[in-house]
Amino acid sequence: MLVVNDLHASVEGKEILKGVNLSVNPGEVHAIMGPNGSGKSTLSAVLTGNPAYTVTGGSVEFCGKDLLSLSPENRAHEGIFLSFQYPVEIPGVSMVNFMRAALNAKRKYHGLDPLTASDFLKLMREKRAVVQLDNKLASRSVNEGFSGGEKKRNEIFQMAMLEPKLSILDETDSGLDIDALRIVAGGVNQLRSENNATIVITHYQRLLDYIKPDFVHVLYKGRIVKTGGPDLALILEDKGYDWIKEEIDNQQA
Amino acid sequence: MGALKQYIDFYRTNSAEIDANSAPALNALRQKALEALDGKELPHKGEENYEVTDVDALFAPDYGINVNRRPLDVDIAEAFRCDVPNMSTWLYVAVGDIYRSSRTAGLNMPASVIVGSLREAAIAHPEIVAKYYGKYASLDDAHVALNSLLAQDGLLVYVPSGVVLERPVQLVNIMNAAAKIMAFRRILVVVEDGAQARLLVCDHTQKVDEDCLASQVVEIYVGADATFDYYDIEETGVHTHRVSSLFVHQEAGSNVLVDGITLMNGTSRNDYRIDFCGEHAETRLLGMAISNGDQHIDNHTFIAHNAAACTSNELFKYVLDDNAQGAFSGKILVAPDCPKTEAYQSNRNICASPTAKMHTKPQLEIYTDDVKCGHGATVGQLDQEALFYMRTRGIPYDDARTMLMQAFMSDVIDAVRLDNLRDRLHHLVEKRFDGSLALCRDCGNACHNNSLNNKNNNK
Amino acid sequence: MNQDNEKQNEKIIDGAVNSDYKYGFVTDIDTHVIPKGLNEDVVRYISNAKGEPEWLLNFRLKAFRKWQTMKMPHWAHLDVPDIDFQDISYYAAPSVKKGPKSMDEVDPELRKTFDKLGISLEEQMRLSGMAVDAVMDSVSVKTTYRDKLAELGVIFCSIGQAVHDYPDLVKRYLGHAVPYSDNFFAALNSAVFSDGSFVYIPKGVRCPMELSTYFRINAAGTGQFERTLIVADDDAYVSYLEGCTAPMRDSNQLHAAIVEIIVEDRAEVKYSTVQNWYPGDKNGKGGIYNFVTKRGLCRGDFSKLSWTQVETGSALTWKYPSCVLSGDNSVGEFYSVALTNNYQQADTGTKMIHIGKNSRSTIVSKGISAGHSQNSYRGMVKVLSKATNCRNYTQCDSLLLTSTSGAHTFPIIDVQNESSVVEHEATTSKIDEDKLFYCNQRGISTEDAIGLIVNGYAKEVMSKLPMEFAVEAQKLLSVQLSGSVG
């Protein structure tokens, strides 16, 4: 589904990704872990087409298409979804208008008619239940005045609405208490299927107790330096990142 | 003496005819206006508070003035295209500066209320017009003096003590720009103690062949504990220019909302002056401009806190695209011994093209210590993070941009205190942003291809 | 708060903000003062007395002729009495024959003066490692550390001396940031400036110590017209401090200075001022009229200029330290605290002119008004159309301590492109009674609490001052605010 090949990217002239390779197949859950500043969030930004980042080399193929040549919105239409680490507040834009614009744009892209208002509201109601999102939140401006937990739930709610093929969860666990974490992870698990895949970007192993990964990758200094099964996450939890850093730094030296 | 000369000469030659086609209470002001103009000039670009706008140049062309009140040919149905759905108003129409009533004018209106032609009212009720006309608009301002010299008619809204007008009064100003003409408009509003009223003024241009100019002076007296809302929507054409001076006099405990909305225009200069003359009065002063092409919008505000414990809250927002030039200058003055004053002024602007320009000058002048005052001004661009967030959700760049621009304007529109008008404005602004305002029924606006969003700058 | 309390508080505030000026002594030393009045002969006399070359005399004469065609500006929010420019003496020099070679040669009275100012030159030399140029009545009397700096190629001397020793440098930069025709007071200064400091930091040199000038007006009936020129060549760095005091006199004295700064590629200049000219007495009698033109030209790419000022003195202040950001990625900063009391009037602020791409500027202004004073912030942020991706942030606060004082804010923002972001926020309020009460409840007197709150309020700016200066500035605020401390 996703094939990342020797991806290089920089922000403000500084190279952050220095040759990332990654393959994701339908039905899989990949965890990308790594110390702060290793390039985890850059990877998610590049995959979704954030204009602040410049791709300087490599390629990304998504469902047979050249992902990097698509605009952010067309990537979304193709089925890429990013749950932001820090969801943006957009005062004055109501959640309802926002979601309807997003959903209908996707439908148009795929040659479908827009949803009727009643179908749309029905869908909203149905998907809200996935993350127990309050109706009141859904009628407010996008993320405005939401608590940290509410913002993350709102991200998963949008994911439920848009039914992506590949979901990237960027530090979705940061700032969540245990109850909120359970709700968010529960939402993600409900949405999992054989046909879609998930990339979980996280610093801690905690979230992986709830969203079981098939593969765990360690990103360090802009490269994936280690790949393993779920146990790798447990080892990292236990021993931290220092041993990997040492191993890699020694290799380089 | 610049552009003024031709108007003064015009007055000297035609004063008999001007007087004859007006009313004594209005004519009474002309001599004073003439004296006030002695040695004065209309403001030139670069003068203080006129940093980017040349009022003198706006008045320089040789416009036609309809001094003998010839009715102008205009399709009255045209006026109804700005009808606000589900809002019934008492409707009045001015073509150029000829005022007339519609079929809804005065229908079921309380008998003590007077709404209609200022000239007719000045003849029927000279004592009312003489008491208020020219009392708030300062002749020190050359534009006001010029308007006072030549205005022959206008709209009077008189609401006596304690009367509540249920429906808004609506005035539709139509410029028939088939010829190069100008209009001297005048509005006088008197809302006496405890009374309540709302006035909605819509400016339209029917044809766009020639430049035309409106000179407008609005005087508003709001008595103690009275409430008044004034909405002014400019939706004309790129060749219709306007110079407007509005004066509000507020007595104790009064509550006023003034909202100036510029959706489509040529060059506009609007002055708003609010005077607090009694304690515990409140004002909300709002403004909004959406400009592209070579449009030019300049709002100047002055709020004088001359009494204690008054509250003013001011918000102006601009979106400027193409070569549009925006300007805002505002002053809040808190006089000595006006404790418990609260005043806030905010001007937020978005330049959406490399050649759009904004000049802003928010000012505070405060002579009392027990105050809470502040101002803020920003010139910037749409929130790039929000734009990206929306795109990752699949909302196309142009749509996301439109939604954000609309959202940017939403707090100005949400402050409107007439539900139907608020909904209508949201709709109008949406249409303005997506370029379909031009598709209005019969619309003469030259806003074809004027969408702020039909650029293919898919960054 | 009930009425009695309120009255009491007002009394305390009155007491707190009324304190005497402690720099108001007169030094009894011989001064050579030329007769009052200004004409071409006076300009020639000054130039001649200083043994200046022809080109500088011509510069002065051009400025003088321009000045004669100009009118005194009245756009500021200041009530300026008519100034009789013919009733001022334009040159006063302490009768020290030549620049002293060592401290021993300095007139003992003069040294006492500087001791009283708290800037014993010797102490400064020994303790703080700060190089000091002391300017009294427009003439530089002593520059310390000159030799040490010379080893690095740093030039730090009086501008008069620089004209003799480094004529090419002075000629190359003089009038570049502030043309003689810039404004009425700049023209006047250009015609009659007597002395001031000259600093040149060569390429790649970080000046290892703070450079400092103390300005003192001593003689009566004279105006002071000093001129400072600072040049930081590519990759250079310098931090420069300026302090000023004057004796207490019943009549007003005119001070019209120019500071010019040129910042080349990747160079950085920090310019800090603690301005404490005599502000006049409680009834507004006397005090310095301070009309100063300060401007820096950040013409190098990645150049940076930072103005920090603490303004507590002068009867009238008219001063707008500005940055012309013409280099790409250049940075301008302005941090200001202006405290006015009694009948002082201050109209001060800054201009940030963005000409270079990606240039950035920050403005933080804190005004404090007490007594019957009027305190205005006036600012301009201009972004030209080719100056893309510029950023300005302005925060401008005013604190009112008495109901008879005034606080005013007059910013202008002019942006001519889409990619720049300019933000201005301002607040005006009186001192927070909840905070006062909170302090009272903790046992802190209202007088002390006001001092605490005002210092806290000004902290953001004070923290930008070099250490030695920050302490002095904090003391100054307290002196101005607290009767007991002063």
Side-chain angles (χ1 to χ4, degrees), chain B residues 48-49 51-52 320-384 457, chain C residues 1 6 10 13 75 77 367 369-370 372 374-433:
Chain B
E48 195 177 357
N49 294 328
E51 283 82 358
V52 302
L320 305 167
D321 205 346
D322 301 339
N323 301 314
Q325 166 81 62
F328 171 83
S329 57
K331 183 177 272 185
I332 292 171
L333 173 79
V334 181
D337 302 317
C338 295
K340 309 288 174 210
T341 292
E342 282 191 37
Y344 195 79
Q345 181 192 61
S346 178
N347 172 232
R348 312 285 164 193
N349 311 290
I350 287 178
C351 286
S353 92
T355 46
K357 294 187 186 68
M358 183 65 203
H359 185 92
T360 173
K361 201 173 78 170
Q363 309 196 331
L364 299 173
E365 199 173 326
I366 294 165
Y367 297 93
T368 301
D369 67 335
D370 188 4
V371 299
K372 283 195 186 119
C373 296
H375 66 196
T378 52
V379 182
Q381 43 193 300
L382 292 172
D383 182 348
Q384 297 300 309
N457 47 350
Chain C
M1 193 181 290
E6 230 170 67
E10 274 205 3
I13 294 175
W75 43 259
H77 193 271
S369 317
H372 297 82
Q374 300 295 335
N375 197 328
S376 305
Y377 168 82
R378 185 179 303 277
M380 176 189 258
V381 176
K382 190 167 185 135
V383 181
L384 301 185
S385 61
K386 283 182 181 157
T388 49
N389 293 307
C390 293
R391 187 82 179 80
N392 163 271
Y393 176 75
T394 303
Q395 174 71 46
C396 175
D397 296 322
S398 304
L399 193 63
L400 288 147
L401 298 183
T402 57
S403 60
T404 47
S405 57
H408 320 297
T409 317
F410 307 112
I412 293 175
I413 300 168
D414 193 296
V415 180
Q416 308 191 351
N417 68 51
E418 67 174 331
S419 55
S420 298
V421 178
V422 176
E423 284 177 78
H424 172 100
E425 297 297 331
T427 62
T428 305
S429 57
K430 74 170 182 171
I431 197 156
D432 188 338
E433 282 174 8

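Note: hydrogens, waters and symmetry copies are ignored here, and every other heavy atom, side chains too, is used. Chain letters run A, B, ... following the sequence lines, proteins first and then strands; every chain starts at 1. Every value quoted in this text rests on a predicted model; they were computed, and no experiment measured them.
- Proximity to chain C (any heavy atom under 4.5 Å) is restricted, for B:Ala356, to the backbone atoms N, CA, C and O.
- With a 4.5 angstrom heavy-atom cutoff, B:Thr360 touches chain C via backbone and side-chain atoms both.
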Query - Test log, rule salt bridge (charged side-chain N to carboxylate O under 4.0 Å, His left out), inputs C:Lys382 and B:Glu51 - result: CA-CA 13 Å; C:Lys382 190 167 185 135; B:Glu51 283 82 358; over 6 Å; no
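- Nearest heavy atoms, B:Ile366 versus C:His408: N-ND1, 2.9 Å.
- When all heavy atoms are compared, the tightest approach of B:Asp369 to C:Lys430 is O-CB, 2.9 Å.
- Heavy-atom neighbours of C:Asp432 CG from other residues, nucleotides or ligands within 6.0 Å: above the threshold of 12.
- If you take CD1 on B:Ile332 and OG1 on C:Thr428, they are separated by 9.0 Å, rounding to the nearest 0.5 Å.
- In terms of heavy-atom pairs under 4.5 Å with chain B, the best-connected choice from C:Asn417, C:Asn392, C:Val381, C:Val415 is C:Val415.
- For B:Tyr344, the part lying under 4.5 angstrom from a heavy atom of chain C is the side chain only.
- In terms of heavy-atom pairs under 4.5 angstrom with chain C, the leader among B:Gly374, B:Cys351, B:Ala377 is B:Ala377.
- B:Ile350 CD1 to C:Glu418 CD: the interatomic distance, rounded to the nearest 0.5 Å, is 11.5 Å.
- The side-chain heavy atoms of B:His375 and C:His424, taken from C-beta on, include a pair separated by under 4.5 Å.
- Using a 4.0 Å cut-off between a side-chain N of Lys or Arg and a carboxylate O of Asp or Glu, B:Glu365 and C:Arg378 do not qualify as a salt bridge.
- Remark: C:Tyr377 OH to B:Leu364 CG distance equals 12.5 Å, nearest 0.5 Å.
- Residue B:Pro362 touches chain C through both its backbone and its side chain, counting heavy-atom pairs closer than 4.5 Å.
- Counting heavy atoms from C-beta outward, B:Val371 and C:Leu400 have side chains that approach closer than 4.5 Å.
- Remark: B:Asp337 CG to C:Thr404 OG1 distance equals 9.5 Å, nearest 0.5 Å.
- Between C:Thr409 and B:Gln363, every side-chain heavy-atom pair lies at or beyond the 4.5 Å cut-off.
- Between chain C and the options B:Met358, B:Lys331, B:Lys372, the largest number of non-hydrogen pairs under 4.5 Å is found for B:Met358.
- For the pair C:Val421 and B:Gln381, the minimum side-chain heavy-atom distance is below 4.5 Å.
- A distance of 11.0 Å separates OG in C:Ser429 from CD in B:Glu342, rounded to the nearest 0.5 Å.
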